[in-house]
Amino acid sequence: MSDAEKGLAGVGSSTPDKEAPPTFASAATETSVRARDKEDFWTRNGLNLRSFQMRDIGESSIDSLDRTMKKRHMHMIAIGGSIGAGFFVGSGNALRTGGPGTLLIDFAIIGVMMFNVVYALGELAVMYPVSGGFYTYSTRFIDPSWGFAMGWNYVMQWAVVLPLELTVCSLTIGYWNSEISVAVWITIFWLAIVLINIFGTLGYAEEEFWSSCLKLGAIVVFMIIALVMVCGGGPKGSRYDEYWGARLWHNPGAFANGFRGFCSVFVTAAFSFSGTELVGLAAAEARNPVKSLPGAIKQVFWRITLFYILGLFFIGLLIAYDDENLLGANPYVNVNASPFVLVGKYGNLKGYDDFMNVIILVSVLSIGVSSVYGGSRCLTALAQQGYAPKIFSYIDRSGRPLVSVLFIIAFGPLAYINLSADGPTVFDWLLALSGLAALFTWGSICLAHIRFRRAWKYHGHSEDEIPFKAVGGVYGSYLGLALNILCLIAQLYVAICPVGGGYNNAEGFFKSYLALPVVIVFWIGGFFWKRTGWLRTEQIDVDSGRREIDWDEINAYRAKLAAMPSWKRWFHTLFI
């Protein structure tokens, strides 16, 4: 292994040449790896009955989860894991609501927020490698009762997302054949998700790697095509066979629906980034997250800049916000209303609409798999911290949190309620329960990082002892927290004053803001369960469970980095 590979965790930070401070890392990680490696191939990969038996240390340590995730998996989860229907289809509704100018500005603002959130999470995850990370960080650095609320809120979010994604998959298939009942496709895709989860962490990691490669490749193809279209290189007779430019920013204009439109797109942009935090959760199941996580965290910036911002900029240039095809009749998703599909349609690109709908299908299925992964790992962490029934702490010989996975998968058949006349109404309320879950999670990550830094300093530590530091430091987390709060305020405004004008009724308000009272109920429930409140700085433990760091490797890499030419040093700092 090269020195560069050995020291990836140290990029962008400095460390003392003095002896490293004492740490208290658990031996469960290595025990977990050895326990898995001594099993035969069929057991390791969950392919025989023996693999479903309890792992010897599975009931007592969260670190007994599988640890087969590689660096390439972590990078692709970071850069493409959360790109789904919210980006490919939901962006059309955002464009219609706020116009191309609002779309670009709001996604850029949320991008700044997510940049700071993910870096804060990366710093904490490198220091404290625990599955269900963001929930446990809330418990450890903020308030155990709040951690209880965040954990259960996160589980609920993914439990409801699974049937939604199954529904979207079935409707996407309807683009090619609408005669077959959606129930058939719901069943097929549900079984596909079950099959992928048989392979546990490796199944999730490989599925995310290849689906992310496909999604990112499709976006790159789109941006090349879009650039040609904007310059007037479209097929003869198409809408884009002459110089197109930025005419749609002038007519019908760059902004729509005023301040209400701005707030509505602000919220939509935030929801489009849901799942970005999974890279921090996945770090607990990486073979060596100290080396793989920092580089993966850095990829988030490029995903935000190149794929979200640049991709949506082209969408705003090519599709008018008042295009009637953006409306869509379906309450969940209408693949015909995807602006990515419409560009191909208006550009007379035969077959491109089919290609993009395949990408949408893969993206939606990918998010369905992620929902099982994210929800089950957080539920297992809750159980092993005593915040959920102990049965959910069961981890089998192949490293799967088996009972938690089965619990989340069991929510899949809720997709069948869409077959009834009242199904969409029921589903709207289920979605309302988890609608703001991501914002609470991201805000909690920033607050946990702020409180960690304060406790770290209080207990006599310096920033030089932190192996991977957030680029914005504690100020970046303050900015991320402030933007999360602003997004919650924007959602409250939209819940009261919808884009269509006037004021919402009680039903409309709670469909937009039901998650807040649910979180408060969980918070109160957690307080009565654990009888603990807000942690004072002196009560926060920053030493136990801290990862043991090999400072010799990090210092050797930093010395090598300092000797590199400036361009090469910047490349390593930004990408590796």
Side-chain angles (χ1 to χ4, degrees), residues 46-47 49 51-54 58-59 62 65-66 84 131-132 135 148 151-171 181-201 203-204 207 274-275 278 281 332 364-384 387-420 422-435 437 515 518 522:
L47 299 176
L49 293 178
S51 68
F52 291 92
Q53 297 174 0
M54 182 185 291
E59 196 173 13
I62 192 67
L65 285 169
D66 195 5
S131 184
Y135 137 71
F148 174 91
W152 275 107
N153 197 49
Y154 197 72
V155 171
M156 180 182 295
Q157 174 194 0
W158 287 120
V160 174
V161 164
L162 176 59
L164 170 67
E165 300 302 320
L166 290 173
T167 302
V168 174
C169 281
S170 63
L171 294 171
S181 172
V182 295
V184 174
W185 300 114
I186 288 172
T187 303
I188 290 174
F189 288 113
W190 184 54
L191 292 176
I193 290 174
V194 172
L195 179 63
I196 292 171
N197 277 279
I198 287 177
F199 295 92
T201 299
Y204 165 74
E207 183 277 331
S274 293
L278 282 173
L281 190 147
Y332 305 120
V364 172
L365 184 62
S366 170
I367 298 298
V369 175
S370 296
S371 68
V372 177
Y373 179 83
S376 64
R377 269 57 180 182
C378 190
L379 181 56
T380 300
L382 283 165
Q384 295 191 340
Y387 285 2
K390 198 170 182 62
I391 185 64
F392 292 114
S393 65
Y394 186 101
I395 297 174
D396 64 23
R397 288 181 177 272
S398 66
R400 298 169 298 201
L402 188 61
V403 179
S404 297
V405 169
L406 292 175
F407 178 81
I408 301 297
I409 285 177
F411 280 82
L414 282 176
Y416 293 118
I417 66 175
N418 290 285
L419 301 176
S420 71
D422 295 329
T425 300
V426 176
F427 223 102
D428 283 344
W429 283 106
L430 288 174
L431 288 173
L433 290 172
S434 60
V518 169
F522 276 135

Can you list the residues that meet the side-chain hydrogen bond (donor to acceptor under 3.5 Å, both in side chains) rule with S404, with sequence neighbours excluded?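 S404: side-chain hydrogen bond (donor to acceptor under 3.5 Å, both in side chains) contacts with T380.
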Using distance only, find each side-chain donor-acceptor pair of residues 185-196 under 3.5 Å and give its atom names and separation, not counting sequence neighbours.
from: T187; atom 1: OG1; to: A183; atom 2: O; distance (Å): 2.9
from: T187; atom 1: OG1; to: Y416; atom 2: OH; distance (Å): 2.5
from: W190; atom 1: NE1; to: I409; atom 2: O; distance (Å): 3.0

Closest non-hydrogen atom pair between [X] and [Y], with its separation:
{"X": "A388", "Y": "L379", "answer": "CB-CD1, 4.2 Å"}
{"X": "G375", "Y": "I408", "answer": "C-CG1, 3.9 Å"}
{"X": "G151", "Y": "C378", "answer": "O-SG, 3.6 Å"}

Check whether any side-chain heavy atom of [X] lies under 4.5 Å from a side-chain heavy atom of [Y], and answer yes or no.
{"X": "V155", "Y": "R377", "value": "no"}
{"X": "F522", "Y": "M156", "value": "yes"}
{"X": "W152", "Y": "L382", "value": "yes"}

Begin from the C-alpha positions of L162 and V372 and carry the test side chain to side chain contact (heavy atoms under 4.5 Å, CB included) through to its verdict. CA-CA 7 Å; L162 176 59; V372 177; 4.1 Å; yes
Using side chain to side chain contact (heavy atoms under 4.5 Å, CB included) as the criterion, list what pairs up with I367, not counting sequence neighbours.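 By the side chain to side chain contact (heavy atoms under 4.5 Å, CB included) rule, I367 matches W158, V161, E165.
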Under the side chain to side chain contact (heavy atoms under 4.5 Å, CB included) test, which residues partner I391, sequence neighbours left out?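 For I391 the side chain to side chain contact (heavy atoms under 4.5 Å, CB included) partners, ignoring immediate neighbours, are P389, V403.
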Could you tell me the separation between the [atom1] atom of [X] and the [atom2] atom of [Y], rounded to the nearest 0.5 Å?
{"X": "Y204", "Y": "L278", "atom1": "OH", "atom2": "CG", "value": "4.5 Å"}
{"X": "Y394", "Y": "R400", "atom1": "OH", "atom2": "CZ", "value": "9.5 Å"}
{"X": "M54", "Y": "S393", "atom1": "CE", "atom2": "OG", "value": "6.5 Å"}
{"X": "Q384", "Y": "K390", "atom1": "CD", "atom2": "NZ", "value": "7.5 Å"}
{"X": "L402", "Y": "R397", "atom1": "CG", "atom2": "CZ", "value": "13.0 Å"}
{"X": "T167", "Y": "I417", "atom1": "OG1", "atom2": "CD1", "value": "8.0 Å"}

Using the ring-ring contact (aromatic ring centres under 6.0 Å, His included) criterion, which residues pair with Y387? Sequence neighbours excluded.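 ring-ring contact (aromatic ring centres under 6.0 Å, His included) list for Y387, sorted by chain: F148.
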Tell me, please, which residues at least two apart from F411 pass ring-ring contact (aromatic ring centres under 6.0 Å, His included).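 F411 satisfies ring-ring contact (aromatic ring centres under 6.0 Å, His included) with F407 only.
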